[in-house]
Amino acid sequence: MIDICIIGGGAAGLMLANSLPPSLSVAVLTKEDPFSSNTALAQGGIAASIGPGDHPASHAADTLSAAANHADAERVELLVWEGQALIEAMLSQGLPFDADATGQPSLGQEAAHATRRILHAGGDQTGKKLLQHLLAKTENRVKRLPYSSVLELIMHDGQCTGVSVEDAFGKRSFIQAQHTILATGGIGQLYSQTSNSIAATGDGLSLAFHAGAVLEDLEFVQFHPTVFTINGNSCGLISEAVRGEGARLVDSAGKRIMTAIHPLMELAPRDIVARAIEWHWQQKGPVFLDARHLQDFKAKFPSIYRNCLHHHINPEKQPIPVRPGAHFHMGGVQTNEWGETTIPHLYAIGEIASTGVHGANRLASNSLLESLVFAKRLAEKIQTCGFSQKELFFPLIEPTKEFLLPADLQMRMTEQVGILRDGVELKKFTSDFPLLRFDLQHYSGQQIKEIHRYTASSLIAQAALFRTESRGAHYRIDAPPVSEDWTGKTVQLSVNGVTIGTRKLQHKETVS
């Protein structure tokens, strides 16, 4: 029995580990090596109102504006105020950052932010630098278990008591824990086009669903507008920061495509930009990001520059072909403001969690901030929760059942549950891939991993079919935009079916 079992080693998982007292026994499980996470790929940076003249209220206003009237206003307040203090504290404790001539953080501009408030490290390597920082901080404080795939959450008397795990050699075992944390990241690999790590397969959604937890906002999948795309293949992310510096979206003739679509053009909210690019691809042809006029591209975006050259595109001399790809999941396992789920002793932080701060459309560079802020909050909460669970015996069961993952699932997700959705197509998808609850312990480890992909895909499609409006990143061709009937309502899924929840869109009234 250990104190804390953290499933996932990205920003959220490691920040939690770093924020817990050294007296606790902590295990961090990752499916791959420590750098195979979306955090390691995060190029844009961390949004926080630490610059001169900036203020958390401005950051909150931008976050709420981008969220399509679906964000939890009180949680957004927590994010921006605690985020400001946390980032300032982390900077003083050695968090790496890019500095200006005076030694102060050199803050970047990104879409839908009122001012330059994006903290960068290593140009476009913020996530990697953050990960290195947190790995160093937790070096001697946690037990790392790489190449460990969590197969199932272990439940006893309605509480989570640990995990069933398979190692790199296919050996299955149990890890019992006082507190189990889902920090499994995103769902991008459920789609054929994505900016995400190979590890981002939506396991956490399926693990939580099979354990009986409530999930919400699963229909809100953010597609990054600019994934470097060659011959239909995703070749890496082109950070929003490149557009923030002035790069333009153009067609094959060099004509800008955003001119008549939004007054902010390339810096419009991501869902608008992504739909414009995808529509152009489907109706008129390829779209390119023209950065040839930018100064110091190679210095500002070193990893993007290297990746483009690797694929025989010189961004200082050639436009970069781009197309939207699955990037970030606003929804996830329902949590309160401390990261607690609907199951005792089970928590969720980072992209797998639905905190409500992103609403229907995440503001650029708020993802790393959310991971850090809510991980810190959970560390505080866990220390007040007690450690009273007793060790239990769970027998290992030999696999007796079979499951075959449909070969076309990933492409069907892209075509039917992607950027442009339609009720008829969503019904076809949910009919072909119905949401099922599997008795996981009776399947082999490999089949359970495939079941998790299937279940996560089915959950997202069910939610997308149920919300009969277009809002933020959820765009239904056959449904009206932003229906008042849906304002302030969430789609909640669990083994008990679908229910409608409510979202706090306004602050509580304060009495002077």
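Positions are given from 1, in the same order as the sequence printed here. The shown structure was predicted, so the numbers you read here are calculated from the model rather than taken from an experiment.
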Kindly determine whether Glu266 and Arg256 satisfy salt bridge (Lys or Arg N to Asp or Glu O under 4.0 Å), including the steps that lead there.
-> CA-CA 9 Å; Glu266 283 81 9; Arg256 295 179 74 168; 2.6 Å; yes
State whether a side-chain donor-acceptor pair under 3.5 Å links Gln441 with Ser164.
->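 No, no side-chain donor-acceptor contact under 3.5 Å.
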Please determine, by modelled atom types, if Gln282 and Glu278 share a side-chain donor-acceptor pair under 3.5 angstrom.
-> yes
Residue of the set Arg243, Glu240, Met265 for which side-chain contact (heavy atoms from CB on, under 4.5 Å) holds with Val273 |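 Of Arg243, Glu240, Met265, side-chain contact (heavy atoms from CB on, under 4.5 Å) with Val273 is met by Arg243 alone.
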Candidate list Ile181, Leu20, Asp3, test side-chain contact (heavy atoms from CB on, under 4.5 Å), partner Val26, passing option | Leu20
Does any non-hydrogen side-chain atom of Tyr475 lie less than 4.5 Å from one of Ile419?
-> no
How about Ser367 and Glu351: do any of their side-chain heavy atoms sit closer than 4.5 Å?
-> no
Taking the inter-plane angle between the rings of [X] and [Y] on a 0 to 90° scale, is it parallel (under 30°), tilted (30 to 60°) or perpendicular (over 60°)?
| X | Y | answer |
| --- | --- | --- |
| His59 | His113 | tilted |
| His70 | Phe220 | tilted |
| His55 | Trp81 | perpendicular |

Compile the donor-acceptor pairs under 3.5 Å between side chains in residues 373-383 and protein atoms, sequence neighbours left out, one pair per line.
{"residue": "Arg377", "atom": "NE", "partner": "Glu337", "partner atom": "O", "Å": "2.8"}
{"residue": "Arg377", "atom": "NH1", "partner": "Glu82", "partner atom": "OE1", "Å": "3.0"}
{"residue": "Arg377", "atom": "NH1", "partner": "Glu82", "partner atom": "OE2", "Å": "2.5"}
{"residue": "Gln383", "atom": "NE2", "partner": "Ala379", "partner atom": "O", "Å": "2.8"}

From CA spacing to verdict: salt bridge (Lys or Arg N to Asp or Glu O under 4.0 Å), Glu216, Arg467 | CA-CA 12 Å; Glu216 69 178 4; Arg467 181 175 285 275; over 6 Å; no
